[in-house]
2 protein chains.
Amino acid sequence: MSPTAQRPEALHQGAGGRATARPTLEEVAALAGVGRGTVSRVINGSPRVSAKAREAVQNAIAELGYVPNRAARTLVTSRTDSIALVVPEAETRLFSEPYFSDIISGVSAELAETDMQLLLILVRNQRERERLSAYLTAQRVDGVLVVSVHRDDPLPALLESLEIPSVLAGRRGDLEPLSYVHADNAGGARMAVRHLLRRGCRQVATLTGPLDMEVAQARLGGYRRALEEAGHRYDEELVGLADFTEEGGRVAMRELLERRPELDGVFCASDVMAAGAMQVLRAAGRRIPDDVAVIGFDDSIVARHTDPPMTSVRQPIEEMGRTMARLLLDEIAERGRARRQVVLATELIVRDSA
Amino acid sequence: MSPTAQRPEALHQGAGGRATARPTLEEVAALAGVGRGTVSRVINGSPRVSAKAREAVQNAIAELGYVPNRAARTLVTSRTDSIALVVPEAETRLFSEPYFSDIISGVSAELAETDMQLLLILVRNQRERERLSAYLTAQRVDGVLVVSVHRDDPLPALLESLEIPSVLAGRRGDLEPLSYVHADNAGGARMAVRHLLRRGCRQVATLTGPLDMEVAQARLGGYRRALEEAGHRYDEELVGLADFTEEGGRVAMRELLERRPELDGVFCASDVMAAGAMQVLRAAGRRIPDDVAVIGFDDSIVARHTDPPMTSVRQPIEEMGRTMARLLLDEIAERGRARRQVVLATELIVRDSA
DNA sequence: GCCAAGTGTGGGAGCGCTCCCACACTGTAG
DNA sequence: CTACAGTGTGGGAGCGCTCCCACACTTGGC
C-alpha cells in the first residue's frame with residue numbers, strides 16, 4: 001500500500017503539487033528536534049520557550065507548511081474560534097439593503113486580523129429559532145452577534161441565560177443588560193427635525209417604524225424632542241405609524257395627508273418609507289421640498305435616486321459592525337467582563353428634498 | 001472537588017437550568033444499555049441496528065439532550081460540515097445590493113435542512129486572498145461557493161487544483177470547468193433590446209459592465225444578437241464601455257450622447273448604471289421614455305425609485321443561491337461527480353422608462 | 001558547599017468521536 | 001449434525017491537539 005493511498009481524504013496538495021499528508025505537531029516536533037509540548041508553546045505564543053527552540057520550531061513549521069488542526073484544538077480547549085452573526089430573515093429586507101452588507105463588511109474587517117471565523121445564521125421561522133437555541137446550547141460558537149432586536153425577541157434572554165458572550169446591534173430598551181452598539185437614532189432624528197424647522201416648516205409630521213423596536217422609538221423620541229425644544233406642541237395627529245417599508249410609508253402618508261393636509265414637512269424613520277411618502281405627496285400634487293420637505297433615515301442607495309434626491313440621516317453602519325466585533329472579541333477574551341454600550345454619531349446628509 | 005467544578009468551560013445549562021456537563025456518546029450508551037458503537041450507528045443512520053437498540057438509544061438521547069460534539073467528529077472524519085461563501089469585497093458594492101443578501105438568503109434556505117454551516121469569507125485585498133488559499137489548503141471547509149468571478153481571478157484555478165467541491169455564481173467563460181449557476185444574461189439582454197426595438201427605437205445603444213466579466217460579455221452578446229436578428233447592424237459607436245457603477249454609467253452615457261446624439265434607446269447592463277444614465281439624459285433635456293427609452297438589469301430596489309420607474313431585467317437571485325447550495329451539497333456527497341452547469345431564466349419587468 | 005526557587009523541556013493522558021475488527025448469535029444449506 | 005454466510009454488537013485504537021506533571025538544568029543566597 002503506498003503511503004499516499006492510506007487516507008485519501010486527508011491529503012492535500014503540497015507546495016510542489018505533490019499530494020502529501022498534512023503535517024502534524026508531532027512531525028514538526030521531530031523535524032525541529034524538540035518535543036510536542038515545545039511546538040505547542042511556540043504556536044500559542046507562550047513566553048516559556050528558549051529563543052533557540054523557538055527558532056528551530058518556526059523553521060520546521062515553515063518548511064512543512066504546518067497549519068494547526070482546528071478540530072483537534074477545539075476538542076481539547078472547547079473554544080471554537082468562530083462567532084455567529086445571527087440575522088432574523090425579515091430584517092435583511094426590512095432594513096435598507098446596504099445595512100446588512102455593511103454590517104457584515106465591518107464585522108469581517110475587524111475579524112480579518114484574528115483567526116476567528118464568521119458564521120452566518122439566518123433565522124426565518126420558529127423551527128429555525130429552535131435550531132439556533134440547540135446550536136447555541138451546544139456551544140458551537142464562542143460568541144454571538146445579533147443584527148437587530150425586537151422588544152419581545154426571546155433570543156437576547158437566551159444569550160443572557162447561557163452566558164454566551166454577545167453583542168447586539170441596537171437594544172431592546174433603556175436597560176439592555178447585554179452589550180450593544182447602536183447609532184444615535186434620537187440625535188439623528190432630532191437633527192433632521194431641527195433642519196426642517198430651520199428651513200421654515202411649521203407643521204412637521206413623522207412616519208415611524210414598528211414601535212416594538214427601540215430604533216423606531218428612539219427616532220420618534222428625537223422627533224418629539226426637537227419639536228418641544230423649538231416650542232412646538234407634540235401632536236399625535238402628526239405621527240404616522242408605519243413599519244419601515246415603502247408600502248407602509250405610502251399608506252401612512254396618505255392617512256397623514258388626509259388628517260393634516262396643511263403639513264409642510266415629514267421626517268421619515270427610513271429611506272424607503274420616505275420614498276413611498278414622496279410618491280404619495282407627488283401624486284397629491286405637492287411639490288418637494290417647496291410644499292412639503294421630506295427627510296429620510298439611513299442614507300441608503302434609494303436616497304440618492306429619488307426625485308428630488310433625498311436628504312437623509314446617515315448612520316455609520318460599517319463602523320457599527322467593526323465595533324460590534326471588537327466588543328465581542330473582548331468579551332470572549334475576558335469572560336465575565338462588564339457589558340458595554342457604544343453609541344455612534346449620526347450625520348445629516350442634505351440633498352434636495354429638504 | 002465538586003463534579004461541576006472540574007471543567008468549568010465545558011458546562012452548559014441543562015433543561016432544568018442546572019449547570020451540567022455536556023453528555024457524551026459514552027453516557028448515552030451507558031443509559032441505553034448498549035455500546036458506543038451502537039449509539040454512533042444510530043446517530044449516523046446506519047441500517048445495521050436492531051429496532052430495539054435504536055429505540056433505546058433514541059430515548060437516551062432525548063433524555064440527556066445529547067448533541068454530538070462536532071470537533072470530535074471532524075477530527076476523525078476530517079469532514080467539517082461547513083461550507084464557505086467567498087465574496088470578493090468589491091462585489092458587495094458592485095452588484096446591486098439585493099444581489100448579495102438574496103444569494104445568502106437562498107443558500108441559507110437550502111442549508112437549513114442539513115446541518116451544514118455557512119461560513120462567510122470576504123476577501124478585500126491580496127493579503128486576504130493568500131489567507132484564503134491557506135485556509136482552503138488546510139481543508140477547513142467541505143466546499144466553496146464563489147459569488148462572482150472575473151476572467152483572471154486565480155481563485156477558481158486554485159479550487160480546481162485542490163479538488164475542493166465548489167460552485168461559482170457565473171462563470172469565467174464558455175469552457176468553465178467548475179460547476180456554476182448563472183442567470184440567462186444573454187437571453188435577458190436580448191429580451192430587453194427586442195422590447196426597445198418593438199416599441200420603435202431605431203438607434204439602440206448599450207452601456208456595458210467590465211468586459212473581463214463574463215456577465216458583462218453575455219449581456220453585450222445578447223444586445224448584439226437582438227439587433228442583428230432584427231436586421232440592424234451592430235455599431236460599436238453605440239456601445240459605451242462602463243463598469244456597472246452609477247458614476248461609470250454617467251460618464252459613458254455622456255460620451256455616447258456626444259458620439260451619437262440621435263440615439264433613442266439604451267440598454268444598460270445594470271440598474272445603477274441606468275440610473276446614472278437617466279440623470280445624464282434628463283440633464284441633456286431628453287424625455288424618458290419618449291425621446292430615449294432606458295432599460296436596466298437586475299431589477300434592484302433602485303429600479304423602482306427612479307423617475308420614471310425603470311424597466312429592468314430581473315434575475316432569480318435567491319433561486320441562484322438555492323441552486324448553488326444544492327449543487328455543492330451534491331458534489332460534497334458524491335466526490336468527483338461530474339461538474340454541472342445550471343442556467344436560470346431571466347424576466348423583463350416593464351415599468352415606465354421603456 | 002548546599003538548598004531553594006526559577007526556567008525550559010518532554011511526553012503521558014485525555015478531549016469525544018468514528019472506524020473497524022472480532023465475536024456472538026441467528027438461520028439455512030449440505 | 002456441521003458449515004457457513006449474514007446480522008447485530010461491543011469496544012480498542014487512534015484522529016491531532018492542549019494541559020499539566022515531572023524532571024533536568026540553571027542561578028543565587030547562605
Side-chain angles (χ1 to χ4, degrees), chain A residues 1 6-12 20-57 60-61 64-81 115 138-140, chain B residues 1 6-12 20-57 60-61 64-81 115 138-140:
Chain A
M1 200 195 250
Q6 282 178 318
R7 286 175 46 237
E9 73 287 4
L11 302 178
H12 83 295
T20 20
R22 246 182 99 183
T24 68
L25 245 204
E26 195 93 47
E27 297 170 43
V28 174
L31 181 59
V34 300
R36 251 173 32 251
T38 300
V39 177
S40 179
R41 266 164 287 211
V42 169
I43 289 168
N44 294 293
S46 156
R48 301 236 161 296
V49 183
S50 67
K52 201 179 121 210
R54 169 167 289 118
E55 207 198 309
V57 168
I61 288 175
L64 294 175
Y66 171 75
V67 184
N69 180 316
R70 235 182 227 233
R73 182 181 282 175
T74 295
L75 185 56
V76 37
T77 60
S78 67
R79 273 183 295 115
T80 63
D81 290 329
D115 66 343
Q139 308 209 283
R140 289 236 295 256
Chain B
M1 197 195 252
Q6 283 180 316
R7 286 176 46 239
E9 72 286 5
L11 304 178
H12 83 294
T20 22
R22 248 180 99 184
T24 68
L25 245 204
E26 195 94 46
E27 298 170 42
V28 174
L31 181 61
V34 300
R36 250 171 32 248
T38 301
V39 179
S40 179
R41 267 167 291 227
V42 170
I43 289 168
N44 295 292
S46 157
R48 301 235 162 297
V49 183
S50 67
K52 198 178 120 211
R54 168 168 290 120
E55 207 199 311
V57 169
I61 287 176
L64 295 175
Y66 172 75
V67 184
N69 180 315
R70 228 175 235 236
R73 184 181 279 174
T74 296
L75 185 57
V76 35
T77 60
S78 68
R79 273 183 295 112
T80 63
D81 290 328
D115 68 342
Q139 308 208 281
R140 289 236 294 256

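Side chains are part of it too, since the values below use all heavy atoms of this structure and drop only hydrogens, waters and symmetry mates. Labels below follow one simple rule: chain letters A, B, ... track the order of the sequence lines, proteins then strands, and each chain is numbered from 1.
- Side-chain contact between A/Thr24 and A/Val28 is absent, with no heavy atoms from C-beta onward closer than 4.5 Å.
- Summarising the geometry, the separation between CG on A/Leu25 and C1' on D/dC15 is reported as 13 Å, rounded to the nearest angstrom.
- Per the geometry, CG belonging to B/Asn69 stands 5 Å off P belonging to C/dC17, to the nearest Å.
- Relative to the axis of its first five pairs, the axis of the last five pairs of the helix from C/dC2-D/dG29 to C/dG30-D/dC1 sits at 50°, rounded to 10 degrees.
- For the contact set between residues 48-55 of chain B and DNA chain D, defined by any heavy atom under 4.0 Å, the members are B/Arg48, B/Val49, B/Ser50, B/Ala53.
- Contacts of A/Leu31 classified as side chain to side chain contact (heavy atoms under 4.5 Å, CB included), with partners at least two apart in sequence or in another chain: A/Ala60, A/Glu63, A/Leu64.
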Anything under 3.5 Å between a donor and an acceptor, one on a side chain of residues 67-76 of chain A, the other on a protein residue two or more places apart or in another chain? List them.
| unit_1 | atom_1 | unit_2 | atom_2 | d |
| --- | --- | --- | --- | --- |
| A/Asn69 | OD1 | A/Ala71 | N | 2.8 |
| A/Asn69 | OD1 | A/Ala72 | N | 3.0 |
| A/Arg70 | NH1 | A/Asp81 | O | 3.2 |
| A/Arg70 | NH1 | A/Asp115 | O | 3.4 |
| A/Arg70 | NH2 | A/Asp115 | O | 2.7 |
| A/Thr74 | OG1 | A/Arg70 | O | 3.0 |
| A/Thr74 | OG1 | A/Arg79 | O | 3.0 |

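- Rounded to an integer number of Å, the gap from CD of B/Glu26 to P of D/dG11 is 9 Å.
- Whole-Å rounding puts the B/Asp81 CG to C/dC17 P distance at 14 Å.
- A heavy atom lying under 4.0 Å from DNA chain D marks the following residues of residues 31-47 of chain A, by number: A/Arg36, A/Ser40, A/Asn44.
- The separation between A/Leu75 atom CG and C/dC15 atom C1' is 4 Å, rounded to whole Å.
- Per the geometry, CZ belonging to B/Arg79 stands 14 Å off C1' belonging to D/dC15, to the nearest Å.
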Can you give each donor-acceptor pair under 3.5 Å made by side-chain atoms of residues 46-55 of chain A, sequence neighbours left out, with the distance rounded to 0.1 Å?
| unit_1 | atom_1 | unit_2 | atom_2 | d |
| --- | --- | --- | --- | --- |
| A/Ser46 | OG | A/Arg48 | N | 3.1 |
| A/Ser50 | OG | A/Ala53 | N | 3.2 |
| A/Arg54 | NH2 | A/Ser46 | O | 2.8 |

